[in-house]
Protein chains: 2
Amino acid sequence: MTNIKKVSELAGVSTATVSRTLKSPDQVSEATREKVLEAVKAAGYRPNWLASSVKSGRSNTIVVLVPNLVNPFFMRIIGGIEQAAQEKGFSVLLGDTQGSPEREHEYASMVLTNRADGLIQLDHSFPFSAADADLAGDLPMVSVCERIHSEKKYPVIELDNYAASRALAHHLLGYGHKHFAAIVGQVSSQIYRERLAGIRSVLQEEQIPFEQSQITGGAYTIEAGIAGIAHLLSLPQRPTAIFCFNDDIAIGAVHAIKKAGLRVPEDISVVGFDNIKVSAFIDPPLTTVDQPAYDMGRRAVDVLVSQIRGEPLARSKEVLPFQLIERESSGPAPV
Amino acid sequence: MTNIKKVSELAGVSTATVSRTLKSPDQVSEATREKVLEAVKAAGYRPNWLASSVKSGRSNTIVVLVPNLVNPFFMRIIGGIEQAAQEKGFSVLLGDTQGSPEREHEYASMVLTNRADGLIQLDHSFPFSAADADLAGDLPMVSVCERIHSEKKYPVIELDNYAASRALAHHLLGYGHKHFAAIVGQVSSQIYRERLAGIRSVLQEEQIPFEQSQITGGAYTIEAGIAGIAHLLSLPQRPTAIFCFNDDIAIGAVHAIKKAGLRVPEDISVVGFDNIKVSAFIDPPLTTVDQPAYDMGRRAVDVLVSQIRGEPLARSKEVLPFQLIERESSGPAPV
DNA sequence: CTGTTAGCGCATTCAC
DNA sequence: GTGAATGCGCTAACAG
């Protein structure tokens with residue numbers, strides 16, 4: 001272990017001077033600076049990050065809690081987080097929770113133990129358990145996509161889900177659809193409520209019924225899309241247009257519809273949310289709502305870091321713009 | 001900041017006793033243990049991770065270098081890494097390099113500065129630059145999928161690419177194909193060479209020509225698959241079977257072939273590598289080679305952690321089994 | 001501009 | 001079984 005002391009001896013100066021040479025070179029004379037830098041090089045010295053962090057009390061690290069690593073939508077968010085974090089001198093600790101409260105708790109505790117300075121929550125079950133009530137006290141935390149259930153207000157970066165689902169509904173209405181259905185993701189969530197409310201508001205304006213039996217699903221997975229179609233095709237009134245609450249669900253739905261011998265969009269139109277990469281390349285390409293995932297990640301870091309620095313935050317809710325991407329999985333209602 | 005001293009005062013004992021109560025409770029009498037634990041609870045004390053790590057000199061953290069977060073294959077590996085790391089008490093720092101040598105360098109340096117104890121490389125360009133020659137000296141490091149170019153031998157967890165591509169080639173030969181092509185990923189890589197060698201070996205046995213003009217591509221992306229098809233369809237002799245070097249390329253290829261008015265597999269068979277989730281649900285479902293990504297991640301952690309602990313490693317190369325998944329994107333050669 | 005001193009929070013000697 | 005003292009590696013305050 002080559003430490004600062006060894007370098008100081010090598011350069012014939014004090015350890016303080018070595019430290020200064022590296023942290024604030026302008027406080028050191030040209031001559032000694034050169035001497036020190038040479039010694040640093042000769043010794044192959046790198047300052048021990050752990051030691052500096054103990055002093056400052058800050059780890060310049062943030063934890064990202066994500067329910068599922070394989071969802072490309074989350075990963076695009078994390079890409080934005082990573083980029084922004086690096087620009088600000090922060091590292092990213094990955095917290096794959098798999099939806100487990102114990103794991104969430106464990107990762108959240110890292111902030112309490114100075115292992116990290118703050119938390120970005122891509123899941124939405126915080127505060128996880130009763131055991132975390134204390135812990136939730138004063139954590140620097142930002143939520144992406146989903147508001148956090150807690151007395152304390154945490155900032156949130158989200159999409160205008162209400163408006164986005166209204167846009168999708170109008171898009172499908174424009175094609176003359178009258179029989180709708182939805183395959184949703186996690187039910188106990190803000191997203192679920194807002195998107196459903198958006199759809200309902202439009203259909204009510206048009207006096208089109210939308211019953212509970214037309215809503216199915218429960219997970220953001222391809223399998224949920226397949227199972228959802230199985231259910232919906234068994235209904236007495238088969239829907240001609242289906243809202244899928246993310247693109248994975250939509251991919252499963254398209255797959256199942258085609259497997260059942262029906263066509264997309266001639267028999268059934270399918271629309272999704274997220275605009276993941278592959279959505280443009282399946283058959284048919286998916287009509288979906290583009291979410292600026294990368295930017296959401298970047299903004300989350302901005303907000304979190306100012307929280308960590310104790311700066312007052314301008315607004316606690318940030319709504320990013322969406323974009324309706326019309327592709328070929330939606331079309332005129334069958335006659 | 002509630003520190004160990006505050007707790008010791010609250011419990012009326014020394015800081016050493018508090019420390020012991022938490023680290024090795026059996027060295028403390030029942031009575032004082034209870035007293036201390038009560039004080040810990042009352043103060044809401046959590047040991048400062050940074051401080052303990054300075055002492056031990058180990059951060060129990062590993063860095064994962066990944067070229068691209070959106071590739072679901074990598075993310076499955078990282079899922080395995082995360083799981084195994086957590087079981088062993090390690091945290092995972094995410095290093096999204098985007099293929100940039102500067103970033104790779106920066107992340108690799110973290111190990112030198114005690115910010116992390118070791119490195120898992122999912123990319124394969126180490127040692128990144130000349131500047132890293134020193135750095136490469138004695139880094140605990142494991143490579144997944146791809147051997148590292150360096151004098152020093154680093155352990156590697158990989159697939160038997162040679163055998164896997166031979167299996168694919170035999171599969172296609174069994175369907176009577178005689179005109180082959182390949183859309184490859186990164187060219188300067190072990191994977192490229194091994195897979196191509198596997199294909200070549202089988203085709204040579206059958207006296208089937210395989211020229212350089214039948215090999216195209218250069219990136220592991222959907223776009224590369226599309227561009228590859230554009231090239232291959234322009235050849236005088238159109239191939240009837242195409243090896244894609246990952247599923248993303250294959251998805252692009254299938255998309256482009258259908259867009260050109262041809263059918264998969266009736267006109268052209270397409271096979272991939274990786275078996276990412278969505279491959280089973282596109283139209284047609286993809287014939288591909290399943291790589292045990294999750295297990296690869298787990299094994300990588302096993303090997304890395306024993307390296308960190310200074311244990312001698314049994315073997316420096318570990319080859320995991322593959323599985324040929326036959327689906328509907330491959331079929332009889334057109335007559 | 002530079003060296004000395006002190007201390008971050010904790011864990012590990014070594015005494016008792 | 002417990003406490004006092006020491007030091008991890010580094011940086012900040014204070015002298016000079």
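Within every chain, numbering begins at 1; the chains are lettered A, B, ... in the order of the sequence lines, protein sequences first and strands thereafter. As the structure is a prediction and not an experimental result, all values here were calculated from the model.
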Legend entry - Protein proximity profile, nucleotides 9-16 of chain C - base contact B, sugar-phosphate-only contact S, no contact -, cut-off 4.0 Å on heavy atoms: BBBBB---
Inset, instruction - Could you tell me whether A/Val13 contacts a base, only the sugar-phosphate backbone, or nothing, with contacts defined as non-hydrogen atoms closer than 4.0 Å? - result: sugar-phosphate
Legend entry - Approximate separation, where rounding is to 0.5 Å, of A/Leu69 CG and B/Met75 CE: 4.5 Å
Legend entry - Criterion salt bridge (charged side-chain N to carboxylate O under 4.0 Å, His left out) on A/Glu82 and B/Arg103, from CA distance to verdict: CA-CA 12 Å; A/Glu82 233 271 345; B/Arg103 287 197 167 208; 3.6 Å; yes
Inset, instruction - Check whether any side-chain nitrogen or oxygen of A/Ser14 sits under 4.0 Å from OP1 or OP2 of C/dG3, and answer yes or no. - result: yes
Legend entry - Spacing of A/Leu50 atom CG relative to D/dG7 atom C1', expressed in whole Å: 16 Å
Inset, instruction - Report the distance from atom CG of B/Asp26 to atom C1' of D/dG1, rounded to the nearest whole Å. - result: 12 Å
Inset, instruction - Ignoring backbone atoms, establish whether A/Ser56 has a side-chain N or O less than 4.0 Å from OP1 or OP2 of D/dT11. - result: no
Legend entry - Any A/Leu22 side-chain heavy atom under 4.5 Å of A/Tyr45 side chain: yes
Legend entry - Rounded distance [0.5 Å steps], CH2 in A/Trp49 versus OG1 in B/Thr113: 8.0 Å
Inset, instruction - Starting from C1' on D/dA12, measure out to CG on A/Leu22 and report it in whole angstrom. - result: 15 Å
Legend entry - Nearest non-hydrogen partners of A/Cys145 and A/Met296, listed with the distance: SG-CE, 4.3 Å
Inset, instruction - Send over the distance from B/Arg58 CZ to D/dC8 P, rounded to a whole Å. - result: 18 Å
Legend entry - Distance, rounded to the nearest Å, where B/Leu112 contributes CG and D/dG9 contributes C1': 16 Å
Inset, instruction - Remember a base hit wins even if backbone is also touched, and classify A/Ser53 as base, sugar-phosphate or nothing at under 4.0 Å, heavy atoms. - result: nothing
Legend entry - From CD1 (A/Ile81) to CD1 (A/Ile62), nearest 0.5 Å: 6.5 Å
